[in-house]
Protein chains: 2
Amino acid sequence: MGDANLTIADRIQDRLETLTRAERQLAHSILENYPASGLGPISTLANDAEVSTPTVARMVQKLGFKGYPEFQAELREELKAKVKNPIAKHDTWAEGAPSGHMLNRFTEAVIDNIRHSLGQIDTGDFDAACAQLADTSARLHIVGGRITHTMAEYLFLHMQMIRPDVTHIQSTSNAWPHYLLDVKPGDTFVIFDVRRYESNTLKLAEMAHQRGARIILFTDQWRSPVHRLADISFSSRIVVPSAWDSAATTLLLIETMIAAVQDLNWEDTKNRMQTLEDMFDQTKLFRKFT
Amino acid sequence: MGDANLTIADRIQDRLETLTRAERQLAHSILENYPASGLGPISTLANDAEVSTPTVARMVQKLGFKGYPEFQAELREELKAKVKNPIAKHDTWAEGAPSGHMLNRFTEAVIDNIRHSLGQIDTGDFDAACAQLADTSARLHIVGGRITHTMAEYLFLHMQMIRPDVTHIQSTSNAWPHYLLDVKPGDTFVIFDVRRYESNTLKLAEMAHQRGARIILFTDQWRSPVHRLADISFSSRIVVPSAWDSAATTLLLIETMIAAVQDLNWEDTKNRMQTLEDMFDQTKLFRKFT
DNA sequence: ATGTATCTGAAAAAATTCTTTCATTATTGT
DNA sequence: ACAATAATGAAAGAATTTTTTCAGATACAT
């Protein structure tokens, strides 16, 4: 790769004076639509700049590249780097820790996952899923697997506060077939299934589907086989510098959904919460603390 | 040129369902480094996506282009247009959703929480906590409350894969006093306690402390009363535009810690994981899926 | 289980792109 | 003004890239 920390644009700018007439013409043309113009064929660039192809080839060599393709390769690298940091110039998240520290590397990866995952979300799907979760005329079943049952439980605990008729099923439990006995057409299933997709979860989804349930799926970027049965799917990126996967993006989605559903039927939720508060007061589960 | 006002990324996203396995793999690779990856030679793209060149050629035709060069030309046009409008400030995380949409407001808040929480972390404390979790000479007890038991469970499931002698205690369970019977001085307690601090959790912490256990606490910015008993505390910001609090930052910390601990005694962990894999293979819990 | 349709990639063929050569044109110093 | 030097682009040649073909692999329906 070329000089460190110096974009090609910078390098062209620096050498602008030393260039010949045709080359300067070309340089301006490159900078005009940077970097797009440099990423096309050499002849297109030459035409746009109204110079000949050899002029381009020669100048690129003057700039220190072996040839036009190498020049393009570096332009693409620049672009890649630029797209990656529109916001995350936050190189070190944990101040005081070196950027190579796990805290920084991991956080970086998670933020990146969030950015990618959110960027791909279909807002319509999201809103539709929220509406479905808020629909109290349909019963709600939440399903998780070996690891993901924690996410399922988290969603369950909150949904339980927001609305009635919510159950949490663990696909790894032997009891799950019993839950399916009472499933009626129109019931909603929220299913979590990420990498190392579980056969039980798939079977459960199939049976729920067969019984006419509507399925909302939370999965990873590679998508669980359940997605073919799902009405709505959400894919989160889960790759982090670890032997395991990250559930952080998934949790973010869940929490956002909880907040959105809560907004949808706030009147009901408010009452339920008040009742819950009263009951907690009586059991003295929570400590009054200033 | 292609469809008006619809980026190639959008079009790929839309048709993701109709694509075949290899094509979807390719699609993800394109979106991963968009648009840079699509601007190089077809064979580079194919290699990065781990598919064949013809697959790329076929897919761009499916997307409505005459050939790869035409596809690239439109990518360059998009890039040109995008560079011209510097509106692309990243305050909308879910593109296509208005910045007032819950997806964007919530994500913004979570990122902010992460930034603040990570900024205040003492790296020394973090490393010390990791070392303690990795120390297999001390038994490890993980404790959570009404909501936080999901986080506790998440940590438990991973620690269980990494090291022996890990237990998960729910402070809301009646059974927790029994767990304390066997606690020895030097044992480690990881305790989760966030807003609406639970009296049970505090009592449990006090008893553990009395018996000479070392306490690592995960709490919120206002800090649970347990922090006075804790050797190490981590405070996460938890405020989001919702009636409830966010566990996202806490989960990020947990996951980072898991990754760091795993690095500390990787040799042991590797063996445990292999054994686990073998056992899973025998139970056929996971589905082999391509 | 069997046959059919679809998907996939290796390799060859076609097309394009990049580089080099070389003759022509412009520039500079004397 | 003239020679020497440098710059430039047309065109041929070299290299690479893209497309097509085709056979094997895979998924799917019966």
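Residue numbers begin at 1 in each chain, while the letters A, B, ... track the order of the sequences.
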Please tabulate, one pair per line, all N/O donor-acceptor pairs under 3.5 Å involving side-chain atoms of residues 53-69 of chain A, not counting sequence neighbours.
| from | atom 1 | to | atom 2 | distance (Å) |
| --- | --- | --- | --- | --- |
| A:T55 | OG1 | A:S52 | OG | 3.0 |
| A:K62 | NZ | A:E23 | OE1 | 2.8 |
| A:K62 | NZ | A:E23 | OE2 | 3.4 |
| A:Y68 | OH | A:G38 | O | 3.2 |
| A:Y68 | OH | A:G40 | O | 2.9 |

Pairs of donor and acceptor atoms involving the side chains of residues 182-190 of chain A, under 3.5 Å and at least two apart or interchain, shall be tabulated with distances.
| from | atom 1 | to | atom 2 | distance (Å) |
| --- | --- | --- | --- | --- |
| A:D187 | OD2 | A:R139 | NH2 | 3.3 |
| A:D187 | OD2 | A:H141 | NE2 | 3.1 |
| A:D187 | OD2 | A:K184 | N | 3.3 |

Donor-acceptor contacts under 3.5 Å from residues 207-219 of chain A side chains, at least two apart:
| from | atom 1 | to | atom 2 | distance (Å) |
| --- | --- | --- | --- | --- |
| A:T219 | OG1 | A:D193 | O | 2.8 |
| A:T219 | OG1 | A:S224 | N | 2.9 |

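In terms of the side chain to side chain donor-acceptor pair (under 3.5 Å) criterion, A:T18 has no residue partners (sequence neighbours excluded). The side-chain contact (heavy atoms from CB on, under 4.5 Å) test applied to A:E78 returns A:T7, A:I8, A:Y34, A:L75, not counting sequence neighbours. Under the side-chain contact (heavy atoms from CB on, under 4.5 Å) criterion, A:Q120 pairs with B:Q13, B:L31, sequence neighbours left out. Residues passing the side chain to side chain donor-acceptor pair (under 3.5 Å) test with B:T150: none are found, sequence neighbours excluded.
Between B:E77 and B:K80 there is a salt bridge, since at least one side-chain N of the basic residue sits less than 4.0 Å from a carboxylate O of the acidic one.
Note on A:R58: a base of the nucleic acid sits closer than 4.0 angstrom, heavy atoms only. Looking at heavy-atom distances under 4.0 Å, B:Q61 makes contact with sugar-phosphate atoms alone, never a base.
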Margin query: Could you spell out the base pairing of DNA chain D as a dot-bracket line? Use Watson-Crick and G-U wobble contacts where both distances are under 3.5 Å, [ ] for crossing pairs, | for partners on a different strand.
Written below: ||||||||||||||||||||||||||||||
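Two residues are said to be in side-chain contact when any heavy atoms from C-beta on lie closer than 4.5 Å; B:M161 and B:H158 meet this criterion.
Note on A:T20: a side-chain N or O is less than 4.0 Å away from OP1 or OP2 of D:dT8.
The span of DNA chain C lying next to chain A, judged by atoms under 4.0 Å from heavy atoms, is bounded 5' to 3' by C:dT17 to C:dT20.
Between B:K66 atom NZ and D:dT20 atom P there is a gap of 10 Å when expressed in whole angstrom units. The distance between atom CZ of B:R24 and atom P of D:dT26, rounded to the nearest whole Å, is 18 Å. In this structure, A:L19 places its CG atom 17 Å from P of D:dA6, rounding to the nearest Å.
Sequence neighbours left out, the pairs with a member in residues 234-250 of chain A that pass salt bridge (Lys or Arg N to Asp or Glu O under 4.0 Å) are A:D112-A:R237, A:R195-A:D245, A:R237-B:E32. The salt bridge (Lys or Arg N to Asp or Glu O under 4.0 Å) analysis of residues 118-134 of chain A, with sequence neighbours excluded, yields no pairs.
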Notebook entry, point to check: For nucleotides 13-18 of chain D, read 5' to 3', which letter fits each nucleotide if B means a protein heavy atom sits under 4.0 Å from the base, S means only the sugar-phosphate is that close, and - means neither?
Noted result: ----SS
